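Worksheet: one structure, shown below.
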Amino acid sequence: MLMGENDMTTVSGLFDTYDDALSAANRLQSLGIDRANISVMANNADGTRIDSSGRASEAGEDAAMGVGVGAAVGGAGGLLAGLGVLAIPGIGPVVAAGWLAATAAGAVAGAVAGGAVGGVVGAMTSEGVPENEANVYAEGVRRGGTLVSARVDDDRAAEAQAILHSDGAADVSDRERTYREEGWTRFNPDSPAYTADEVTRERDRYSV
């Protein structure tokens, strides 16, 4: 979870609820991390999106059409104002904002068929996240989770990672073990995206 180059480290957390992810993203920003360095990517199989107030609402045709991430990070409403909707092979529709979303969207747009794993996994590994963890994060989003990832100064990395854990981030090792016990090996962009019902069942597995 803590990897990076030079004076920056990438910290990440996989959340089973959007609310926990939003809380973590807000706390990271309160820590002084520039919102341009904070990214959020949430599964949107149920057809919701986040409006300028930060509340979930029906995405309607926007989700089906896959609008771009646009100016999601720079809006006056904060990091998550005007989240964009895009489709990622193997994951399906997601609502996303920030550097990871922009990098993944660019990689997906330029990828040849079957090569779009470079979207999420490639974007994360290029920022120093171990490949096995990047695969778990991508699979977690595929199954209904929300990923928060931030690029932070090295001296703030431990504090930033602690924020993610305190706001309910899943234990990546435990989640990987659970996936592997079911026969999973790695994120596969050629796999079918989860349906809304499958996402609901997956989220229910981890609800308290």
Side-chain angles (χ1 to χ4, degrees), residues 1-4 9-28 31 33 37-46 88-96 98-101 104 117-152 154 156-208:
M1 292 185 186
L2 291 175
M3 293 294 292
T9 293
T10 300
V11 299
S12 301
L14 176 66
F15 297 85
D16 295 313
T17 72
Y18 169 78
D19 286 345
D20 285 345
L22 175 61
S23 175
N26 286 337
R27 290 184 63 196
L28 288 174
L31 183 63
I33 299 171
N37 286 324
I38 303 173
S39 186
V40 176
M41 182 177 292
N43 188 292
N44 193 46
D46 57 359
I88 297 180
I91 295 179
V94 298
V95 285
W99 62 270
L100 177 60
V117 66
V120 178
V121 175
M124 297 195 77
T125 56
S126 69
E127 293 293 332
V129 177
E131 185 174 358
N132 67 303
E133 291 188 8
N135 275 275
V136 176
Y137 288 131
E139 183 68 17
V141 176
R142 173 178 179 254
R143 297 186 183 208
T146 299
L147 174 64
V148 177
S149 196
R151 298 181 295 203
V152 304
D154 285 347
R156 289 185 169 183
E159 186 177 4
Q161 192 69 66
I163 285 174
L164 296 178
H165 284 305
S166 66
D167 275 301
D171 184 300
V172 175
S173 296
D174 286 348
R175 197 57 57 89
E176 179 180 6
R177 183 163 49 252
T178 297
Y179 294 165
R180 290 189 182 280
E181 288 174 351
E182 300 169 350
W184 178 87
T185 56
R186 62 186 293 117
F187 173 72
N188 182 359
D190 294 324
S191 296
Y194 270 39
T195 66
D197 287 343
E198 288 172 327
V199 163
T200 297
R201 287 195 295 270
E202 188 71 13
R203 288 171 176 165
D204 288 344
R205 294 176 62 185
Y206 306 108
S207 63
V208 177

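The residues of the chain are indexed from 1 along the displayed sequence. None of the values given here were measured: they were computed from a predicted structure.
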Would you say that [X] contacts [Y] through its side chain, given a criterion of any heavy-atom pair below 4.5 Å between the two side chains?
X	Y	answer
V40	F15	no
V141	V120	no
N135	Y179	no
V136	N132	no

**OP:** Begin from the C-alpha positions of V199 and D46 and carry the test side chain to side chain contact (heavy atoms under 4.5 Å, CB included) through to its verdict.
**Re:** CA-CA 8 Å; V199 163; D46 57 359; over 6 Å; no
Write down the atom of [X], the atom of [Y], and the distance for their closest heavy-atom approach.
X	Y	result
L14	G140	CD2-CA, 3.7 Å
A169	G13	CB-CA, 4.0 Å
P89	F187	O-CZ, 3.5 Å
N43	I91	ND2-O, 4.1 Å
G90	R142	O-CD, 2.9 Å
A160	V11	CB-CG2, 4.0 Å

Nearest 0.5 Å, please: how far is [atom2] in [Y] from [atom1] in [X]?
X	Y	atom1	atom2	result
T17	D19	OG1	CG	5.5 Å
L31	R156	CG	CZ	5.0 Å
M124	S12	CE	OG	3.5 Å
E176	Y137	CD	OH	10.5 Å
T10	N37	OG1	CG	9.0 Å
L147	L100	CG	CG	6.0 Å

**OP:** Answer yes or no: is there a donor N or O on one side and an acceptor on the other, between the side chain of R180 and the main chain of T185, under 3.5 Å?
**Re:**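 Yes, R180 side chain to T185 backbone: donor-acceptor pair under 3.5 Å.
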Original post:
Run the side chain to side chain contact (heavy atoms under 4.5 Å, CB included) check on D16 and D20 step by step: do they pass?
Top reply: CA-CA 8 Å; D16 295 313; D20 285 345; over 6 Å; no
Original post:
Do S166 and R27 have side-chain atoms, one donor and one acceptor, less than 3.5 Å apart?
Top reply: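 Yes, a side-chain donor-acceptor pair sits under 3.5 Å.
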Subject >> salt bridge (Lys or Arg N to Asp or Glu O under 4.0 Å) partners for R177, two or more places apart >> reply: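 Salt bridge (Lys or Arg N to Asp or Glu O under 4.0 Å) list for R177, sorted by chain: D174.
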Original post:
With R143, which residues qualify under salt bridge (Lys or Arg N to Asp or Glu O under 4.0 Å), at least two apart?
Top reply: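 Partners of R143 under the salt bridge (Lys or Arg N to Asp or Glu O under 4.0 Å) test: E139, E182, E202.
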